[in-house]
Amino acid sequence: MPEQPEPLESYEEGQAIAPTGAGGASDLATAEGETLEKNPSAASDGPLGTGVDKKPRSLWSDAWRDLRRNPIFIISSLVILFLVVISIWPQLIASGDPLDCDLSKAQEGSQPGHPFGFNGQGCDVYTRTVYGARTSVTVGVLATLGVAVLGSILGGLAGFFGGAWDGILSRITDVFFAIPVVLGGLVLLSVVTSSTVWPVIGFMVLLGWPQLSRIARGSVITAKQNDYVQAARALGASNSRMMLRHITPNAIAPVIVVATIALGTYIALEATLSYLGVGLKPPTVSWGIDISSASQYIRNAPHMLLWPAGALAITVLAFIMLGDAVRDALDPKLR
């Protein structure tokens, strides 16, 4: 029999290290263990400092990383930020009064200090266009919040509990889906005499929540079938805990996407209803009102229609682009 080599002594530690037939694997393991004992941070750095024990990335962190690299998101966000700023502080870029009119300047074109000219009543088109952003953004944001909250709650409860509650809500939403939005606005808002934004917002919430409830219902039904929800149920978690902690964070992404796109739609709907004379009413400053009053002068003074219509188109486009970017970032199928 071949003679077995004698154990080698570790000159540093004075301990015997037995060689193996694995090509010195035991020696390497022992040396690595000693290195980790001397430098514990090496375990967290990983090979070449890759950081193997970093927290796993979530859907939201991945979405935010993708959004920051998306030029569509950046451009639309800057436009929306500008609209929000001038909605809160319109005097930053418009020092005049949108209700200060001079009939002697009616339908006149661009002049020094009045780059957009004057409308049929002699009001400064530039000032009215700037102040009109406040009304449109306010109506769009408040209507979207109301639709998202009401639709998410009703649809989420229907998807979670099911049964009779789900059946009743489904039939109610079918009834609302059968009502044309513009026709419903003509009928419901024609009897309202208030010139504030609240009747228009209430109408949008009334006819807009069924769409969000369907989205929330389907998302909750999909999320509650996942293994982590079943495990939480098996461990005795209450319905409220499962709904708030396990289902809602994983089912809210589609609601956010639809609500973001719908915000631009509600701004366009407000302008449409105001154009038809059943939405906002003077003296409220609105792009829809200005477009309606300028439509009869489109041949003689097209500038009266161009600027409020252009501002409306840019605003709606910005919110739709933002919704598309958010959808692409939150949809796992597109990764």
Side-chain angles (χ1 to χ4, degrees), residues 58-60 62-64 66-67 70 72-73 75-77 79-80 83-84 136-160 166 169-182 184-185 200-226 243-244 247-273 312-335:
S58 63
L59 172 65
W60 302 104
D62 286 345
W64 175 240
D66 294 341
L67 288 174
N70 191 340
I72 295 179
F73 171 78
I75 295 174
S76 60
S77 297
V79 173
I80 293 172
L83 291 171
V84 171
S136 297
V137 172
T138 300
V139 171
V141 171
L142 294 181
T144 302
L145 288 176
V147 168
V149 172
L150 182 60
S152 298
I153 292 176
L154 296 179
L157 294 177
F160 183 78
D166 187 16
L169 184 67
S170 298
R171 301 293 77 78
I172 293 176
T173 55
D174 290 339
V175 173
F176 278 95
F177 280 133
I179 302 176
V181 177
V182 177
V200 178
I201 294 174
F203 164 75
M204 293 181 181
V205 174
L206 178 63
L207 293 187
W209 69 267
Q211 180 186 13
L212 264 294
S213 68
R214 285 287 180 90
I215 300 296
R217 172 184 174 273
S219 185
V220 168
I221 290 177
T222 302
K224 76 175 184 179
Q225 297 175 354
N226 293 327
M243 192 68 182
L244 296 177
I247 295 180
T248 299
N250 296 282
I252 199 172
V255 176
I256 294 177
V257 173
V258 175
T260 305
I261 298 177
L263 201 157
T265 304
Y266 293 140
I267 293 177
L269 178 59
E270 177 272 319
T272 302
L273 295 175
L312 175 64
I314 292 174
T315 302
V316 174
L317 179 62
F319 281 104
I320 292 178
M321 290 171 57
L322 179 66
D324 289 340
V326 173
R327 179 199 60 194
D328 295 341
L330 293 178
D331 191 352
K333 297 180 181 178
L334 300 178
R335 296 185 180 279

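The model shown is predicted, which means the values in this text are computed figures rather than measured ones.
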Heavy atoms only: give me the nearest [X]-[Y] pair and the separation to one decimal.
X    : Y    : value
V79  : A318 : CG1-CB, 3.8 Å
L312 : A268 : CD1-CA, 4.5 Å
Y266 : M204 : O-CE, 3.3 Å
L273 : G185 : CD2-CA, 4.2 Å
A325 : N70  : CB-ND2, 3.7 Å
A251 : P254 : O-CD, 3.4 Å

Please step through side-chain contact (heavy atoms from CB on, under 4.5 Å) for the pair T173 and S213, ending with a clear verdict.
-> CA-CA 8 Å; T173 55; S213 68; 3.6 Å; yes
To the nearest 0.5 angstrom, please state how far the [atom1] atom of [X] sits from the [atom2] atom of [Y].
X    : Y    : atom1 : atom2 : result
R214 : W209 : CZ    : CH2   : 9.5 Å
I256 : S219 : CD1   : OG    : 10.0 Å
L317 : L322 : CG    : CG    : 11.0 Å
M321 : I80  : CE    : CD1   : 9.0 Å
L207 : F176 : CG    : CZ    : 6.5 Å
F319 : I267 : CZ    : CD1   : 4.5 Å

Start with the C-alpha gap between L154 and L169, add the side-chain angles, then the distance that decides, and say whether side-chain contact (heavy atoms from CB on, under 4.5 Å) holds.
-> CA-CA 8 Å; L154 296 179; L169 184 67; 4.3 Å; yes
Side-chain touch [X]/[Y], heavy atoms, less than 4.5 angstrom:
X    : Y    : answer
F73  : D328 : no
S170 : R217 : yes
L212 : V255 : yes

Given 3.5 Å as the limit, does a donor-acceptor pair link the side chain of [X] with the main chain of [Y], or not?
X    : Y    : result
T248 : M243 : yes
N226 : A223 : yes
K224 : G159 : yes

Residues, nucleotides or ligands: over 12 heavy atoms within 6.0 Å of I252 CD1 | no
Donor-acceptor contacts, no H, no angles, side chain residues 138-150, under 3.5 Å, sequence neighbours left out:
from	atom 1	to	atom 2	distance (Å)
T138	OG1	R134	O	2.6
T144	OG1	G140	O	2.7

